[in-house]
Asks: 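This is the structure I want to talk about, given as structure tokens.
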Protein chains: 2
Amino acid sequence: MSEAGEPTASELLAELDGIGRDARGGWSRPGFGPVATELRRWFATTAEAIGLNVAPDANGNLWAWWGEPADGAVVTGSHLDSVPGGGRFDGPLGVVSALVAVRRLRAGGFRAARPIAVLVFAEEEGSQLGVACLGSRLLTGALPADRARELAQEAGLDPDAAGRDDTALSRIGCFVELHIEQGRGLADRGAPIALASGILAHGRWRIAITGRGDHAGTTRMADRADPVVAAARVILQVEAAALAAPGARATVGRVEAVPGGTNVIASRVDLSLDVRAGDGAAVRALVARIEESGSLEAARNGCGFAIERSSWSDEVVFDVPLREELDRVLGGVPALPTGAGHDAGVLAAHRPTAMLFVRNPTGVSHAPDEHADDADVAAGVDALERILRRLAS
Amino acid sequence: MSEAGEPTASELLAELDGIGRDARGGWSRPGFGPVATELRRWFATTAEAIGLNVAPDANGNLWAWWGEPADGAVVTGSHLDSVPGGGRFDGPLGVVSALVAVRRLRAGGFRAARPIAVLVFAEEEGSQLGVACLGSRLLTGALPADRARELAQEAGLDPDAAGRDDTALSRIGCFVELHIEQGRGLADRGAPIALASGILAHGRWRIAITGRGDHAGTTRMADRADPVVAAARVILQVEAAALAAPGARATVGRVEAVPGGTNVIASRVDLSLDVRAGDGAAVRALVARIEESGSLEAARNGCGFAIERSSWSDEVVFDVPLREELDRVLGGVPALPTGAGHDAGVLAAHRPTAMLFVRNPTGVSHAPDEHADDADVAAGVDALERILRRLAS
């Protein structure tokens, strides 16, 4: 406890533990619906208790203002929704840290020269409507208008009011998101806090390996065009290509053999491919290597190889002057890239934006093993408080 | 046409083309239900038209007798059901060839010294109730009594009457099944007809590769325990082990990555493994090699490997004196093993049994591309007629 018995960020986090528990493990908190309503109610109550004024915007995001809403504010926050079966830190850590940092500034009598707000973005994980960072994408107009209306309707928002919100954008002078680290970068460095340098470029592809369906018992090994074996060769090429590209990640997470019978040589295998690397050119080069070697490897089993891109996100480089300023405030901390998307990444195309990472000793993300020690959570709050103090001075 | 305008076997086959067509391609003919009823009605009508007496047994098999049922008969036949999306020859070719061969013997005034019957087995493919060779397994008592009752009930048979049928077994003096070849053995040899030497030993296994679920964007390649990559290595070991064992076949036909998300490193991959080889010892040796090298390969990605047998069939060696006699009747034909199960293989444990294969130029099986030329179909009927003549003399 601190400030005369006020709860710490870790204690606030614990208040959320009963909301959206998943019996299969971890927490499942979709961006809309009863669990989201309970989380938003908790946020509103907690933010009002420390004297903030809470109001939703037309895109499902929830704002808590120190004073009246005004342009050019220092905004901080994150999200409360989770992936299915996710951990307890991804999202909520940034929200509770923001609330405690602002509460401390107020308790310490800080006189802000710029307005300050805590912002909770709607449906960051995309687990309910399938679009990651929905709240920030709607707010910044990153989605085509028709698609935005459609998604707003599905989310139970007013489709006439949802979409690009220039008023809200004007209110964000800069944005800082604190987030649990989703890898072992800080654990390996023995440091509690990092600033994000950027978000890796990221594309998704569908790969189809086509062979010849046949009888598993009667077809001689030499007569086969087995796409399961060809797909195995392709998967090893994906791993090899990513290992050869420093900092890159390439993942086959979905594998479907068609028709998928025990005693049947499949006729086709569909693979998903997720590739992330420092910039778009690096991603494209990696995929070109996978395409070249994958085609050759599939042909060794007499199979065809086709690849089609299904999504693309350019790399994000967070505002360099802002990052340098925050680094000075924090006395020098590591700068780490991340392979995960964030609302801060969406906002970065519009406003000076920064991210703070808090050490995750397991490195695990999107699963219950994700973790931050109380001391590191407290270090994150301290860092965020110093940052807000500097930016709002 | 032959025998004063009677249809050939190819023409009888064509009469079935309208029954059980699958809009996605080929024919889907489950062993029970409306399509099976239509096929059985066609068989009864056609067999009665050539003067045979048709009666079902308690296990869903359909018998057509030349004269009255009696012990020690020369029995020939196959099945009319198909796999989903199968071809038009697998099963029906043996039935129509039997009908035409018997019709010709009768038309030619052959005086049989032993009774002759045409037998249609129920649900050979196991596509409806999941048990291959259901009709012959029920008849021979190859299934535990409880399981037999349960399956009979599902099939709409009388569970009190179904099961081992000693009367029916006594009636089978010997059994000859004509079948389309399910590989390229005859095509490679330039011969239209072969005798089966035996059926490969056959086992099925489930392999589980366990890794660590993680975030596809944030987890460095070096920090992963990705079971999809490990499974790829295991699949290549399966292929290598089978290629190194002459005549063996090993197939992974089913691959399931769990949870199977595009942006998620899977936590587990389940594989099916189907292995066939000349005898049980060869199958066991091959699986032992797969287990040894598969465990090592999975460990290269920090993953676990577990394998569990789900089914087992010993090799079948068809009755050697019978095969030698038929080979003399046919003037010397190739003897080929097969990797596919057949009702003849089930019966072989109880009665002298033989199989005749008809050339399949595509080698494809269980798919619409399976084929036999009319001339080869006619050669099959000729061979079967000569065999029945010899065996019933």
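Small disclaimer: the values here were computed from a predicted structure and weren't measured. Below, read A as the first sequence line, B as the second, and so on, with proteins coming before strands; counting in each chain starts at 1. Basis for what follows: all heavy atoms, side chains included, without hydrogens, waters or symmetry-related copies.
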Asks: Apply side chain to side chain contact (heavy atoms under 4.5 Å, CB included) to residues A:His215 and B:Val83 and explain how you reach the verdict.
Replies: CA-CA 11 Å; A:His215 190 296; B:Val83 297; over 6 Å; no
Asks: Between chain B and each of A:Gly260, A:Pro259, A:Ala242, A:Pro227, count heavy-atom pairs under 4.5 Å; write down the option with the most.
Replies: A:Gly260
Asks: Looking at A:Val229 and B:Ile235, what are the two nearest heavy atoms and their distance?
Replies: CA-CG2, 3.9 Å
Asks: Only distances under 3.5 Å count here; give the side-chain donor-acceptor pairs of residues 250-257 of chain A to other protein atoms, sequence neighbours excluded, each with its distance to 0.1 Å.
Replies:
{"from": "A:Thr251", "atom 1": "OG1", "to": "B:Arg224", "atom 2": "NH1", "distance (Å)": "2.6"}
{"from": "A:Thr251", "atom 1": "OG1", "to": "B:Arg224", "atom 2": "NH2", "distance (Å)": "3.3"}

Asks: Which one of A:Gly183, A:Ser310, A:Ala367, A:Ala232 has the most heavy-atom pairs closer than 4.5 Å to chain B?
Replies: A:Ala232
Asks: Can you tell me how far apart CG (A:Asn360) and OG1 (B:Thr218) are? Round to the nearest 0.5 Å.
Replies: 8.5 Å
Asks: To check you understand the geometry: which heavy-atom pair defines the closest contact between A:Arg204 and B:Asn263, and what is its length?
Replies: NH2-ND2, 3.3 Å
Asks: Measure A:Ala231 against the heavy atoms of chain B and call it side chain, backbone, both or neither at under 4.5 Å.
Replies: neither
Asks: Tell me, out of A:Ala222, A:Gly213, A:Gly261, A:Gly363, who's got the most heavy-atom pairs with chain B below 4.5 Å.
Replies: A:Gly261
Asks: What residues, two or more places apart in sequence or in another chain, satisfy side chain to side chain donor-acceptor pair (under 3.5 Å) together with B:Asp90?
Replies: B:His79, B:His179, B:Gln182, B:His366
Asks: If you tally heavy-atom pairs under 4.5 Å against chain A, which of B:Thr219, B:Val264, B:Val364, B:Leu236 wins?
Replies: B:Leu236
Asks: Name the member of B:Arg249, B:Arg206, B:Glu239, B:Met221 that forms the most heavy-atom pairs with chain A at distances under 4.5 Å.
Replies: B:Arg249
Asks: For the residue pair A:Ser365 and B:Asp214, what are the closest heavy atoms and their distance?
Replies: N-OD1, 3.6 Å
Asks: Could you have a look at A:Asp223, A:Leu243, A:Thr338 and say which one has the most heavy-atom pairs with chain B under 4.5 angstrom?
Replies: A:Asp223
Asks: Picking from B:Arg212, B:His202, B:Arg233, which has the most non-hydrogen pairs under 4.5 angstrom with chain A?
Replies: B:Arg233
Asks: Sub-4.5 Å heavy-atom contacts with chain B: which residues of residues 339-346 of chain A show up?
Replies: A:Gly339, A:Ala340
Asks: Based on non-hydrogen pairs under 4.5 Å, which of B:Ser272, B:Pro337, B:Gly247, B:Ala266 is most in contact with chain A?
Replies: B:Ser272
Asks: What part of A:Asp369 gets closer than 4.5 Å to chain B, counting heavy atoms only: side chain, backbone, both or neither?
Replies: neither
Asks: Which residues satisfy the side chain to side chain contact (heavy atoms under 4.5 Å, CB included) test with A:Arg268, sequence neighbours excluded?
Replies: A:Thr210, A:Val258, A:Asp270
